[in-house]
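Take a look at the structure below.
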Amino acid sequence: MNFQLSLRKQWPFWVSGVFVGIAEVMHYVAFGKPIHLTTGLVQMTSALEQTLAPGLDWWSRAYRPDVHWGIIGIVLGAWLVTRMERESRSWRRYPRANLWLAFWGGLVFSLGTRLADGCTTHHFLGGISSMSVASLIFVVSILPAGFLTFYWITKLGVGNAFKGQENRGTARYGYEHGGKMWLDGIAWDMSKDYKPGRNWLQIGIVVFALLFFANAIVGSFLHDPLEGQVGWQHAIVNFGWGAAIWLILVGIVAGIGMAKTGFGTECAMMTPEISMGLKHDRKRGCSLFEGQWRISGATRYMFGSMSPFTAIFIEFVILWVAIMIGWQLFGRELPFQNTATWVMVLGALMQGFGSVAMIGCEIRTYMRLGLGYATAMAAFPGFLLGYLPYTLFAEWWEDLASATVITDVKSVPELFGQDPATQLFAALVYGALLFSLIVWSVRRGMRLTGTSFKALATTPNDELAIEFFKRNFPEDERSYAEHVKQRDVAV
């Protein structure tokens, strides 16, 4: 199989699973636990508060100021992709409804991360590989909220904004050729005369975000925790140049992998269920997702191919192997062994709403911020404000969590007793299940789309989508304008 990754083009989804998995292993090997993000963002918010209003403690009463090199690396990695591909996603003009949804989604999501003691990066990308019982409960809780939010937003008429990646070439193709890709053309139609350089609100948020990260970076040099400064655990003098550069590299690897595909957590786990609604009704001439929910062709194919699900389970297996080696050969404790509480479940439900409203989970939003997405910029201030209901009443939330414990069992192996041999067997069966789901998702994706394994493994999603609809629906030759007129779509 002749396969090359082009720096100028997007990559097949599975590659992102490998990149994010490698980044997770890099973090685990160096620090003994998978990547964790959201505490870092609120600590950088505390750092900004300390700089701008040292007399206030709205954020810093619960979280001490610090810098998170991994988040900075993710944003930087995604920005590097815009240089590779020569395309920033700032070209996309979103309806105002999508921008407000992203803001409120960011606000609700960030509060949910505090209640759940971690975001989707923690519970999905790290917790599932760590065999955490709390993370498995989190996953079961977040999915219904995500589905309901997805359905509700499509009813608002802005479902065509749900895309793994907003590629200019795909949008232009949908506008110029119509057919089953016509919904992808709405982005081009809305944005063809848009000039993001004249959007002063968007420019203001970009400047604020740059100052936000610059404040944390500069603070890491100015503040010395060894001399009694409050916080700043990851300041250069304390953390060291080597560790800081390593964390930035971890973020860059993850950021590039995600930005080259559109990798995310919540949409990946929702893929099997969503794919069941993609069956084409020949009598009506469209599927439920096209006719009623107005989901773009690239997204419909993405879910049908099962590629996001395959990618995230590749990441699960890569990190699971590293954790098993650390646990069995080097005596490391299983990481991310949180206590499951009903407050955590509430936080999961909030993250389910927020991740769909933002069109991305937390780690994906950092990636989209680096790519220049307007929805990520709208979500960013919402993120920072969303921490306040927790930081202002942190003790109350902590007491409530302590009073609502679901189970004290921390890991899947622990469910089967304390015998080491039994725990090892349970962990191996667990890992085999993760791997089997990769095989199942690939086979299901091939069956649903009629796409060969070679094509899925070597071709980016949008190219596969265009070929899929050409091959399977040659009778739909209607132009974009004809589709818009027939469907009575407001653009």
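Reckoned from all heavy atoms, side chains included, excluding hydrogens, waters and symmetry mates.
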**Request:** Under the side-chain contact (heavy atoms from CB on, under 4.5 Å) rule, what do Glu87 and Thr82 come out as? Steps first, then yes or no, please.
**Result:** CA-CA 5 Å; Glu87 178 182 343; Thr82 69; over 6 Å; no
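- At most 12 non-hydrogen atoms from other residues, nucleotides or ligands lie less than 6.0 angstrom from CD of Glu333.
- Residue pairs meeting the salt bridge (Lys or Arg N to Asp or Glu O under 4.0 Å) criterion with at least one member in residues 456-466, sequence neighbours excluded: Lys9-Glu463.
- Residues Asp66 and Thr39 have side chains not in contact (no heavy-atom distance under 4.5 Å, counting atoms from C-beta outward).
- For Gln43, the side chain to side chain donor-acceptor pair (under 3.5 Å) criterion is met by no residue, not counting sequence neighbours.
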Contacts under 3.5 angstrom, residues 308-323 side chains, donor-acceptor by atom type, not counting sequence neighbours:
from   : atom 1 : to     : atom 2 : distance (Å)
Thr310 : OG1    : Met306 : O      : 3.1
Thr310 : OG1    : Ser441 : OG     : 2.7

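- Within a 6.0 Å sphere centred on CH2 of Trp188, other residues, nucleotides and ligands contribute more than 12 heavy atoms.
- For Ser411, the side-chain contact (heavy atoms from CB on, under 4.5 Å) partners two or more places apart in sequence, or in a different chain, are Leu334, Gln337, Pro413, Glu414.
- Classification of the Tyr387-Phe383 ring pair by plane angle, with boundaries at 30° and 60°, yields tilted.
- Sorted by first and then second residue, the ring-ring contact (aromatic ring centres under 6.0 Å, His included) pairs involving residues 411-438 (not counting sequence neighbours) form an empty list.
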Side-chain donor-acceptor contacts of residues 23-34 below 3.5 Å, not counting sequence neighbours, with atom names and distances?
from  : atom 1 : to    : atom 2 : distance (Å)
Glu24 : OE1    : Ile35 : N      : 2.8
His27 : ND1    : Lys33 : O      : 2.7
His27 : ND1    : Pro34 : O      : 3.4

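- Contacts of Thr451 classified as side-chain contact (heavy atoms from CB on, under 4.5 Å), with partners at least two apart in sequence or in another chain: Tyr301, Thr449, Ala455, Leu456, Leu464, Arg471.
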**Request:** Apply side-chain contact (heavy atoms from CB on, under 4.5 Å) to the pair Leu384 and Leu41, showing each step before the final yes or no.
**Result:** CA-CA 8 Å; Leu384 309 187; Leu41 187 68; 4.2 Å; yes
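- Ring geometry, His123 versus Phe138: the interplanar angle falls under 30°, so the pair is classed parallel (tilted spans 30 to 60°).
- Applying the side chain to side chain donor-acceptor pair (under 3.5 Å) criterion to Arg89, with sequence neighbours excluded, gives Glu85, Asn167.
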**side-chain contact (heavy atoms from CB on, under 4.5 Å) between Thr113 and Tyr390, worked out** = CA-CA 10 Å; Thr113 66; Tyr390 181 84; over 6 Å; no
**Request:** Could you give me the CA-CA distance, side-chain angles and deciding distance for Asp117 and Met344, then say whether side-chain contact (heavy atoms from CB on, under 4.5 Å) is met?
**Result:** CA-CA 7 Å; Asp117 198 19; Met344 182 201 74; 5.9 Å; no
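- Screening residues 323-373 for ring-ring contact (aromatic ring centres under 6.0 Å, His included), with sequence neighbours left out, gives His122-Phe336.
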What side-chain donor-acceptor pairs closer than 3.5 Å can you find for residues 140-149, not counting sequence neighbours?
from   : atom 1 : to     : atom 2 : distance (Å)
Ser141 : OG     : Ile137 : O      : 2.8
Thr149 : OG1    : Ala145 : O      : 2.7

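- Residues satisfying the side chain to side chain donor-acceptor pair (under 3.5 Å) criterion with Ser132, sequence neighbours excluded, are Ser135.
- Counted within 6.0 Å of CH2 on Trp91, heavy atoms from surrounding residues, nucleotides or ligands total more than 12; the atom is thus considered enclosed.
- The side-chain contact (heavy atoms from CB on, under 4.5 Å) check on Ala78 picks up Ala259, Met367, Leu371, with sequence neighbours excluded.
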